[in-house]
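Scroll down for the structure; my scribbles are underneath it.
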Number of protein chains: 2
Amino acid sequence: MAQATIRDVAKKAEVSVASVSRALNGHTNVRSELKERVETAARELGYFPHAGARSLSMARAHAIGVMLPDLHGEFFSEVVRGMDREASGRGLQLLLSNMHANPDQAAEALRTMRGRVDGLIVMAPDIDTDTLLQHMPATLPAVFINCHGDAQGRAELRVDNFAAAAEMVAHLVETGRRNIVHLSGSAGNREADERERGYREAMRKAGLEPRVICGNFTETGGAEAAAAIIEDQKPTDAVFAANDMMAIGAMVAFRDAGIGVPQQIAVAGFDDVPLARLISPGLTTMRVNIADIGARALARLADMIDGRDDSEVECLRPELIVRQTTS
Amino acid sequence: MAQATIRDVAKKAEVSVASVSRALNGHTNVRSELKERVETAARELGYFPHAGARSLSMARAHAIGVMLPDLHGEFFSEVVRGMDREASGRGLQLLLSNMHANPDQAAEALRTMRGRVDGLIVMAPDIDTDTLLQHMPATLPAVFINCHGDAQGRAELRVDNFAAAAEMVAHLVETGRRNIVHLSGSAGNREADERERGYREAMRKAGLEPRVICGNFTETGGAEAAAAIIEDQKPTDAVFAANDMMAIGAMVAFRDAGIGVPQQIAVAGFDDVPLARLISPGLTTMRVNIADIGARALARLADMIDGRDDSEVECLRPELIVRQTTS
DNA sequence: CTGTTAGCGCTTTCAT
DNA sequence: ATGAAAGCGCTAACAG
């Protein structure tokens, strides 16, 4: 036998479907005797309301669509955890869609969200925002995280890579470093560019000469850069890598070459991956609070769904984590 | 203006809604001239089909409900990644629900899944399966992962924690360890219990005295346990933690205390989270292929939804990964 | 307080 | 090949 419907319950309790609906949804205008009869009938039939039908009728899905790229490890779980933190309190569920950097797949996923969710959180650093917007209803509330391109007035959330990188440089300068080399991230990557820009700006402000070595966000790249620095022989007392993995690669390479970290060369990264505090010496880095990004995105989206307009571009500021001290 | 509906498209294209439905869903019995008219109208109106209405009408949601406990980090992302791997190819989306070890919340989450998903994957090590079953439609296909209690003939997937833990202990004994302490997981957690049972059994078999410190699956817990071991001064040459994060916490604590790992104390974990091989020294552990669990659960569920019966209890056996050698 | 009825937006017979 | 109409399971006026 198929699942019991509200009509089956109504028949069994000898009332109308409207009364069943009222009774089960805790409306006050139902005699308690009737309410009890309905509850008994529902229990006996193993009845569960059909959330799909419910949301069609109420024009409210109580779900948020979440589009994420093929994220690895911590990052993925943290961002989802942050969303969940805000969602569960609001009675919202998360409909997940990983899009594997494939625009067609992403478009398809976006389309199938319509009518199942009340809003969308989209994180698609590799896909042009324009393309995405073409595949989602214009009236569907949405928040874009670190998007690529013009969000056309949609709500946005991004990480303030520029300011954060500048803050790191300022910190290094403050602790007496002068010859600070920047290991940049992959060319063309938006985050990498912003971090480099922050570095250059802060160096300029401090009256120091910038020196940039091109990297690629990998541990190996960090090691190679370290080798180049050693080879080069130019005076260097700090390396600021565009992410932690490069920083770690460089740090290990320096250590292997007998260079004291941080005594001779301080090494700083960006992200605060878990490994950053587990390695020794700890890595000074900028903590991007990933869970907060998810939480914030969801909170804003929930507000939009409740009718509050929002087309702001909000910037989350990473936090400086000092783990290398030259005492 | 609200979102365009199929009726708006029909009106604009001057055809019936039935034709619009047929045209847009690629049915063959539509004149191409008409089909084109419909597509144009849809485009001009910015029409996107309402997936919710669609699934009500077709009695098929093309979504899977996923109930997970409040998993930390890697584990969470890996299991979801595995599910996604199988789901996206089948055109299924994942509706996520984290239940925070709270049975009431879990029950509520389960109820709201009815009518939005075609099946359920439930992983709730802390909650009695009986309770869970009471809150889900009897006819809804479901796969239980590592559930706690009698699944009453429902499809099950579990990890052979008992045998795996025993294998780890045997390995430690084989490499000369004798005073092996077990850091247990959260009390009442089924996996934790099974791993402890495997430990005790293997110790008994080896004629060794078991020693268990209660943990909680967290890195901090591991660190605290290590402190207790150091404090305690009882001879200890190996620590087998019920999961990797505790093992890592303990390892770092030992290192900070100047204790050689693995020379003085070998540390072993369970799970093989990605971090386990990045940390130094590497962590000897039991590899639970987490992504595979998710993938397997989803594959079985998809089969059930397609009508294939399944009430099997499938056991996945973790694999020993040796990274610490005492040479 | 309770029942009747008209949708929510779509698919799918059943006619034509 | 196309249209009219009857649902899918529920909620929400609108009457009484």
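Quick note on labels: first sequence line is chain A, next is B, and so on, each numbered from 1.
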[atom1] of [X] versus [atom2] of [N]: gap in Å, rounded?
X       : N      : atom1 : atom2 : value
B/Asn25 : C/dC10 : CG    : P     : 10 Å
A/His27 : D/dC10 : NE2   : P     : 14 Å
B/Leu24 : C/dT12 : CG    : C1'   : 16 Å
B/Glu36 : D/dT2  : CD    : P     : 13 Å

How would you list, by chain and number, every residue that makes a side-chain hydrogen bond (donor to acceptor under 3.5 Å, both in side chains) with B/Asp310, sequence neighbours excluded? B/Arg300
Taken to the nearest 0.5 Å, the spacing of B/Ser55 OG from A/His50 NE2 works out to 6.5 Å
To the nearest 0.5 angstrom, please state how far the CG atom of B/Leu68 sits from the CG atom of B/Leu94. 9.5 Å
Considering the terminal five base pairs at each end of the helix from C/dC1-D/dG16 to C/dT16-D/dA1, what angle separates the two local helix axes, rounded to 10°? 40°
Quick one: what's the B/S/- string for nucleotides 3-9 of chain C, heavy-atom cutoff under 4.0 Å, read 5' to 3'? BB--BBB
Is a salt bridge present between A/Glu194 and A/Arg190, judged by a nitrogen-to-oxygen distance below 4.0 Å? no
Please determine whether a side-chain nitrogen or oxygen atom of B/Asn29 lies at a distance below 4.0 Å from atom OP1 or OP2 of D/dT2. no
Establish, with yes or no, whether the OP1 or OP2 oxygen of C/dT11 is under 4.0 angstrom from a side-chain nitrogen or oxygen of B/Ser21. yes
For residues A/Arg111 and A/His135, is any side-chain donor paired with an opposing acceptor at under 3.5 Å? yes
Regarding B/Thr112 and A/Gln93, do their side chains bring together a donor and an acceptor under 3.5 Å, going by distance alone? yes
Taking B/Asp8 for the side chain and B/Thr5 for the main chain, is one N or O donor matched with an acceptor at less than 3.5 Å? yes
B/Ser88 vs A/Met99, side-chain contact (heavy atoms from CB on, under 4.5 Å): CA-CA, chis, key distance, verdict: CA-CA 9 Å; B/Ser88 64; A/Met99 49 191 159; over 6 Å; no
